[in-house]
*Asks:* 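Input: one structure, supplied below.
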Amino acid sequence: MPQRSSFFITTPIFYVNDAPHIGHAYTEVAADVLARWHRQSGDDTWFLTGTDEHGQKILRTATANGAHPKEWADRLVESEWKPLLDLIDISNDDFIRTTDERHERGVADFLQDLYDAGHIYAGEFEALYCVGCEEFKPKSEIVDGEGAFEGQKVCAIHSKPLELLQEKNYFFKMSAFAERLLKLYEERPDFIQPASARNEVIAFVQQGLDDLSISRTSFDWGIPIPWDDSHVTYVWFDALLNYATAIGYGNDPEQFDRRWPATHIVGKDILRFHAVIWPAMLMAAGVEVPHQVFAHGWLLVGGEKMSKSKLTGIAPNEITDTFGSDAFRYYFMRAVSFGQDGSFSWEDLAARYQAELANGFGNLASRLLAMNAKYFDGRVPEESTIADTEAEAAIRDLAATVAERADERIEALAIHEAIASIWELVDALNGYITEQQPWVLAKDPEQRDRLGTVLYTVTEGLRVLAELLSPVIPEATAKLWTALGAEETLGALDQQPLREAGTWGRLAAGTEQQKLAVLFPRIDSEGAGS
């Protein structure tokens, strides 16, 4: 068995000020598909997600709801955020909360190390602050208010008035790392992806970096600064460290060395925190920077970013209750170009569900297993070299090509392109059945070998599809895998990397198969989204 590669994938940790919407679920599914692909391919995979529970935004939300911030966080984590992971079949290995003792201890250790090394100093600060972003806003994201906010400065992202804050804070000497960051971006062009995100960050850093205020004194809901407990840690400085504290920073060096560095999947609105502040923090601490930061786009509803405050937020269960978790996962990974903004519509979801999942993939599987049951007593037919033609060779070649191409696209984090490649095999197998007409071959005893070859070809093609699509639609492919009669456990084929899934002949002739329930039942689309 080849040596296993390490793959550490993270989502952002999400604020617990409200319940999750499909924008949060979109990020979780993308990271989960990547984690499942690498895990199934035999890589030493670790998938981290969690919640961000400190800061002024959480304090205000909890207070408005008559709760202590920790009580509020506990309630939301257990009732909303962890159930989301089950709802959409997320296979995370860890769930970190910034109120975890392991995290708070690691943050304190990290801060003390930077302070002792001279990277932190005390100073006074006055700037416009967005509580929604938990950020002192750069000039590029400050705009003049309109309507009810006319005459005020507002956040370009949240469209809400900014607060002028003046405090004596501790500062991280981030400005000292501008040249090192630019050198990192130049030497490692894949460090920030997609290219548009990389260009945005480079332009931002080239304008020069200010030192970063990393403490607050106007409220106390946060991790105390270890050398001055009258200050609490700035929420982003605290939150970013979750990627390190979750895997043992400061207390388990063996685990940390095994997992680090990470691939971070983030929304484009928090790109700068991850591509500028975070690597600068790590450079100061003498820790290797992340492997990669990938900024995906926004999900748009009616042309606007998904937002609870603007009443454009859609709860994930509004989709899964009708279409199921597999359809949820498939739709957002296939319909949205990963790295770009994507528009959600109920009509598109319903159309893709019916055409691609129900008719394209699900019907293919049902027809094949029904024919194997009818013509070969529910067993895998035998492939005859005598009855082999160019049509079968084309399917075999395509299966190998599709598996390799999909693996390449996953490595590039182009999830939508990987699925599109896999779907070429779905379409090809449907076309192959139509052309070969096994139901006609079955009427002629002299075509028995030919019938077996045709149905074996489709059976093996479905085996390839079950493996390749398992990271995307795990529930349906697990059912198909069992029905096909495969012996190994799908999702744990760690001696068979997914790029080799197209290797032909893994299903043995004569293997007993099982009846397959409808994978994607017909849905009354008129009621969807109402």
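The first residue of the sequence shown is numbered 1, and numbering continues consecutively from there.
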*Asks:* Under a 4.0 Å N-O cut-off, is there an ion pair linking E254 with R258?
*Replies:*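 Looking at R258 together with E254, the answer is no, because their closest N to O distance does not fall below 4.0 Å.
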*Asks:* Given L209 and F204, is the side chain to side chain contact (heavy atoms under 4.5 Å, CB included) satisfied, shown in steps?
*Replies:* CA-CA 8 Å; L209 295 177; F204 177 80; 3.8 Å; yes
*Asks:* Are R102 and D94 close enough for a salt bridge, meaning some N to O gap below 4.0 Å?
*Replies:*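 Counted as a salt bridge, because a side-chain N and a carboxylate O are separated by less than 4.0 Å.
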*Asks:* Does the side chain of L212 reach to within under 4.5 Å of the side chain of M281, using non-hydrogen atoms?
*Replies:*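 Counting from C-beta outward, L212 and M281 never come under 4.5 Å.
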*Asks:* Side chains of N242 and L48: does their closest heavy-atom pair fall under 4.5 Å?
*Replies:*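 Yes, close enough: below the 4.5 Å cut-off.
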*Asks:* Establish, yes or no, whether the cationic atom of R39 lies under 6.0 Å from the six-membered ring centre of F47 and within 45° of the ring axis.
*Replies:*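 Ring-cation test returns no.
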*Asks:* Please check: side-chain N/O of D341 versus main-chain N/O of W298, any donor-acceptor pairing under 3.5 Å?
*Replies:*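 Side chain of D341 to backbone of W298: a pair is present.
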*Asks:* Does any non-hydrogen side-chain atom of N169 lie less than 4.5 Å from one of I214?
*Replies:*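 No, their side chains stay 4.5 Å or more apart.
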*Asks:* For the residue pair H119 and F177, does the interplanar ring angle fall in the parallel (under 30°), tilted (30 to 60°) or perpendicular (over 60°) class?
*Replies:*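 Because their plane-to-plane angle lies in the 30° to 60° range, the rings of H119 and F177 count as tilted.
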*Asks:* Using 4.0 Å as the upper bound for N to carboxylate O, is an ion pair formed by K183 and E179?
*Replies:*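 Judged by the 4.0 Å cut-off on N to carboxylate O distance, E179 and K183 do not form a salt bridge.
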*Asks:* For residues S175 and D211, is any side-chain donor paired with an opposing acceptor at under 3.5 Å?
*Replies:*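 S175 vs D211: donor-acceptor pair found between side chains.
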*Asks:* Are more than 12 heavy atoms from other residues, nucleotides or ligands located less than 6.0 Å from atom CD of E186?
*Replies:*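 No.
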*Asks:* For H274 and W236, take the angle between the two ring planes, folded into 0 to 90°, and tell me which bin it lands in: parallel under 30, tilted 30 to 60, perpendicular over 60.
*Replies:*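 Judged by the thresholds at 30° and 60°, the geometry between H274 and W236 is perpendicular.
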*Asks:* I'd like to know if D190 and R198 make a salt bridge, using a cut-off of under 4.0 Å between side-chain N and carboxylate O.
*Replies:*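 Here D190 does not pair with R198 in a salt bridge, since their nearest N and O are not under 4.0 Å apart.
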*Asks:* Are there more than 12 heavy atoms of other residues, nucleotides or ligands under 6.0 Å from atom CG of D220?
*Replies:*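 Atom CG in D220 is not crowded, with 12 or fewer foreign heavy atoms closer than 6.0 Å.
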*Asks:* Once you measure the plane-to-plane angle for W346 and F344, does it fall in the parallel (<30°), tilted (30-60°) or perpendicular (>60°) bin?
*Replies:*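 Perpendicular, since the angle between the ring planes exceeds 60°.
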*Asks:* For a 4.5 angstrom cut-off between non-hydrogen side-chain atoms, does Y185 reach V276?
*Replies:*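 With C-beta onward as the side chain, the pair touches.
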*Asks:* For ring pair (Phe, Tyr, Trp, His ring centres under 6.0 Å), just list the numbers for F338 and F294, CA-CA rounded to whole Å, side-chain angles, deciding distance to a tenth of an Å, and then say yes or no.
*Replies:* CA-CA 10 Å; F338 197 53; F294 189 97; 4.8 Å; yes
*Asks:* Considering the options F237, W227, Y121, which one meets the ring-ring contact (aromatic ring centres under 6.0 Å, His included) requirement together with Y170?
*Replies:*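 Among F237, W227, Y121, the one that satisfies the ring-ring contact (aromatic ring centres under 6.0 Å, His included) with Y170 is W227.
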*Asks:* Hey, are the side chains of I265 and L34 touching, using non-hydrogen atoms and a 4.5 Å cut-off?
*Replies:*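 Side chain of I265 against side chain of L34, heavy atoms only: contact under 4.5 Å found.
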*Asks:* Would you say CD of Q255 has more than 12 non-hydrogen atoms from neighbouring residues, nucleotides or ligands within 6.0 angstrom?
*Replies:*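 Counting other residues, nucleotides and ligands, CD of Q255 exceeds 12 neighbours.
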*Asks:* Roughly how far, to the nearest 0.5 Å, is the OG1 atom of T245 from the CG atom of D109?
*Replies:*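 Answer for the CG-OG1 pair, D109 versus T245, is 10.5 Å.
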*Asks:* So do L282 and P290 actually touch side chain to side chain, heavy atoms under 4.5 Å?
*Replies:*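 Yes, at least one pair of side-chain atoms sits under 4.5 Å.
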*Asks:* Do the rings of W221 and H68 sit parallel, tilted or perpendicular, given the 30° and 60° boundaries?
*Replies:*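 W221 vs H68 ring planes: perpendicular.
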*Asks:* Does the side chain of V336 reach to within under 4.5 Å of the side chain of Q340, using non-hydrogen atoms?
*Replies:*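 Sidechains of Q340 and V336: no contact.
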*Asks:* Verify the distance criterion only: is there a donor paired with an acceptor across the side chains of N17 and W72 at less than 3.5 Å?
*Replies:*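 Their side chains do not contain a donor-acceptor pair, so the 3.5 Å distance test is not met.
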*Asks:* Should the pair D32-R36 be classified as a salt bridge under the 4.0 Å nitrogen-to-oxygen rule?
*Replies:*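 Yes.
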*Asks:* What's the spacing between I319 CD1 and I88 CD1 if we round to 0.5 Å?
*Replies:*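 Here the rounded value is 10.0 Å.
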*Asks:* May I ask you to check whether T217 and H231 show a side-chain donor-acceptor distance below 3.5 Å?
*Replies:*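 On atom types as modelled, these side chains do not qualify, holding no pair under 3.5 Å.
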*Asks:* Quick one: do K70 and D74 make a salt bridge, cutoff under 4.0 Å?
*Replies:*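 Judged by the 4.0 Å cut-off on N to carboxylate O distance, K70 and D74 do form a salt bridge.
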*Asks:* Just checking, is any N or O donor in the side chain of N92 or T49 under 3.5 Å from an acceptor N or O on the other one?
*Replies:*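 No, no side-chain donor-acceptor contact under 3.5 Å.
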*Asks:* Would you indicate whether the side-chain heavy atoms of L87 and F328 approach each other to under 4.5 Å?
*Replies:*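 A side-chain contact under 4.5 Å is absent here.
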